[in-house]
Amino acid sequence: SSGINAEYGSNEADYVLPECIQGITETPHGPVTEQSFIVVIGTTDAVNENQVVMALLEQPFNFGKMAEEIRFICIVLCPHKTKQTKSAIQVARTYATLLADDRLRHNLLNTHSPEEFAHEFELECTRIHKEHERREKFASFSLKSKQDVLSNKDRFIPGKDLMNDVKRRLKYYLSDYIEDVRDCTSIQKIISTTLFLYFSLLLPGIAFGVLDSKYTHGRIDSKSVIVSQALTGVLWALFSGQPLVVSRTTIPVVIYTKIIYTISLNWDEYGDFFYTFYTMVGLSNAFCLMLY
């Protein structure tokens, strides 16, 4: 510490904030500096290897302009002679990227001891490392799949794209449901979104079901629309490559159903052929989608 004091000064009168890194958020009114954390950078011969110290202040501290409410301080000290990839600026950028995450800062603020602080920070590093590995594997798999497509582009295989989509997404199906359920905030967002979509889709389903019942003389009613819409949504979320699509009945579908019922009356004036014809139309659409 004596070497560091001699190089940077130990008197309060000589205090000057050295080179540092802060986060910047782009807003409609221009860039805004993130004032909750600061990463201080320093190089000195008083240390033989990189040293990183982090502190969580009990109260916000004013470090001057654009740093008036600092709660997290990260000090990075590195020797003058070091590898470019391990230089002070590179190490500081890594820690600044971590602290720029609002969720991590929120979790760190709720810690009550240095051990909890270190454990929470280690969990975040582990999560980012796993995410990086997963992206690398996905990138390599995508490159391999692209090469396979180019090599087999002249070959016609029915359902090839569908099978490739399932193979590509198979190892991520479980993580799509459990990865984001980490804390109370995530669960709260999931519940609120589920309730919002439930009531947003229920009322149009009832309304369009009434129209279907009118146009098909009761062959399809609101109950049928709601049940089919629910089953379609569940099956789509479980087996599709993109489960974020909201499947629902729309006006064009209602009009198309009316046309199908009108055509079915040509074979049976009582409309009993409607279910058979409606099923044939659905199966033919599914066959074309699987084929192409």
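Atom CZ of Arg93 has 12 or fewer neighbouring heavy atoms from other residues, nucleotides or ligands inside a 6.0 Å radius.
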(request) Just do the side chain to side chain contact (heavy atoms under 4.5 Å, CB included) check on Thr97 and Ile128 with the steps written out, would you? (result) CA-CA 11 Å; Thr97 302; Ile128 293 179; over 6 Å; no

(request) Could you walk me through whether Glu69 and Asn62 pass the side chain to side chain contact (heavy atoms under 4.5 Å, CB included) test, one step at a time? (result) CA-CA 6 Å; Glu69 300 178 356; Asn62 186 356; over 6 Å; no

(request) Verify side chain to side chain contact (heavy atoms under 4.5 Å, CB included) between Ile38 and Phe72, making sure each step is shown before the conclusion. (result) CA-CA 6 Å; Ile38 189 170; Phe72 297 94; over 6 Å; no

(message) One pair to check against side chain to side chain contact (heavy atoms under 4.5 Å, CB included): Arg103 and Glu124. What are the steps and the verdict?
(response) CA-CA 10 Å; Arg103 181 176 55 83; Glu124 180 66 15; 3.3 Å; yes

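The salt bridge (charged side-chain N to carboxylate O under 4.0 Å, His left out) search around Glu68 returns none, not counting sequence neighbours. Every side chain to side chain donor-acceptor pair (under 3.5 Å) that Asn107 has, sequence neighbours left out, goes to Glu120. Every residue two or more places apart in sequence or in another chain was checked for a side chain to side chain donor-acceptor pair (under 3.5 Å) with Glu122, and none qualifies. For Ser264, there are no side chain to side chain donor-acceptor pair (under 3.5 Å) partners two or more places apart in sequence or in a different chain.
In this structure, Val227 is not a member of the same hydrophobic cluster as Trp236, with clusters built from ILVMFWY side-chain heavy atoms closer than 4.5 Å. Note on Leu265: it clusters hydrophobically with Leu211, by side-chain heavy-atom contacts below 4.5 Å among ILVMFWY residues. By the rule that hydrophobic residues join a cluster once side-chain heavy atoms approach within less than 4.5 Å of another member, Met280 and Ile260 end up as members of separate clusters. One hydrophobic cluster, built from ILVMFWY side chains closer than 4.5 Å, cannot hold both Leu123 and Phe117; they sit in different ones. Tyr198 and Leu203 end up in different hydrophobic clusters when Ile, Leu, Val, Met, Phe, Trp and Tyr side chains are linked at under 4.5 Å.
Thr194 contributes atom OG1, which lies 11.5 Å from atom CZ of Phe199 (distance to the nearest 0.5 angstrom). Between Ile73 atom CD1 and Ile75 atom CD1 the span is 6.5 Å, to the nearest 0.5 Å. A distance of 12.0 Å separates CZ of Arg219 from OG of Ser224, quoted to the nearest 0.5 Å. Remark: Asp212 CG to Thr257 OG1 distance equals 5.0 Å, nearest 0.5 Å. Summarising the geometry, atom CD1 belonging to Ile259 is positioned 7.0 Å from atom CD1 belonging to Ile263; distances are rounded to the nearest 0.5 Å.
Contact record, Cys125 with Leu98: SG-CD1, 3.9 Å, taken as the closest heavy-atom pair. Nearest heavy atom pair, residue Ser222 against residue Gly209, reads OG-C, 3.5 Å. Pairing each heavy atom of Thr249 with each of Gln229, the nearest pair is N-OE1, 3.0 Å. Annotation for Arg105 and Asp102: closest pair NH2-OD1, 2.6 Å, computed over non-hydrogen atoms. Nearest approach of Phe37 to Gly23, heavy atoms of both residues: CZ-N, 3.5 Å. The shortest non-hydrogen separation linking Ile89 to Glu19 is CD1-OE2, 4.4 Å.
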Which side-chain N or O atoms in residues 50-58 pair as donor and acceptor under 3.5 Å with protein atoms at least two apart or in another chain?
residue, atom, partner, partner atom, Å
Asn50, ND2, Lys86, O, 3.0

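The closest side-chain heavy-atom distance from Leu77 to Thr43 is not below 4.5 Å. Inter-residue side-chain proximity for Leu108 and Leu99 is flagged as met; some heavy-atom pair is nearer than 4.5 Å. Using a 4.5 Å heavy-atom cutoff, the side chains of Ile41 and Ile21 are in contact. The side-chain heavy atoms of Pro79 and Asn48, taken from C-beta on, include no pair separated by under 4.5 Å. Put simply, the side chain of Ile251 reaches to within 4.5 Å of the side chain of Phe208, judged on heavy atoms.
Using a cutoff of 4.0 Å between basic side-chain nitrogens and carboxylate oxygens, Lys130 and Glu133 are not scored as salt-bridged. Under 4.0 Å is where a charged nitrogen must lie from a carboxylate oxygen, and between Lys223 and Asp221 no such pair does.
Counting only distance, with no hydrogens or angles, the side chain of Thr193 and the backbone of Ile190 share no donor-acceptor pair below 3.5 Å. Of the possible donor and acceptor atoms, one in the side chain of Glu116 sits under 3.5 Å from a partner among the backbone N and O of His112. Remark: the backbone N or O of Ser228 is paired with a side-chain donor or acceptor of Thr232 at under 3.5 angstrom.
Ring-plane geometry between Phe274 and Tyr278 is classed as tilted, the angle between the planes lying from 30 to 60 degrees on a 0 to 90 degree scale.
Judged as a ring pair (Phe, Tyr, Trp, His ring centres under 6.0 Å), the pairs with a partner in residues 211-234 (not counting sequence neighbours) are, in order, His217-Tyr261.
A donor atom on one side chain and an acceptor atom on the other are found under 3.5 Å apart for Glu34 and Ser36.
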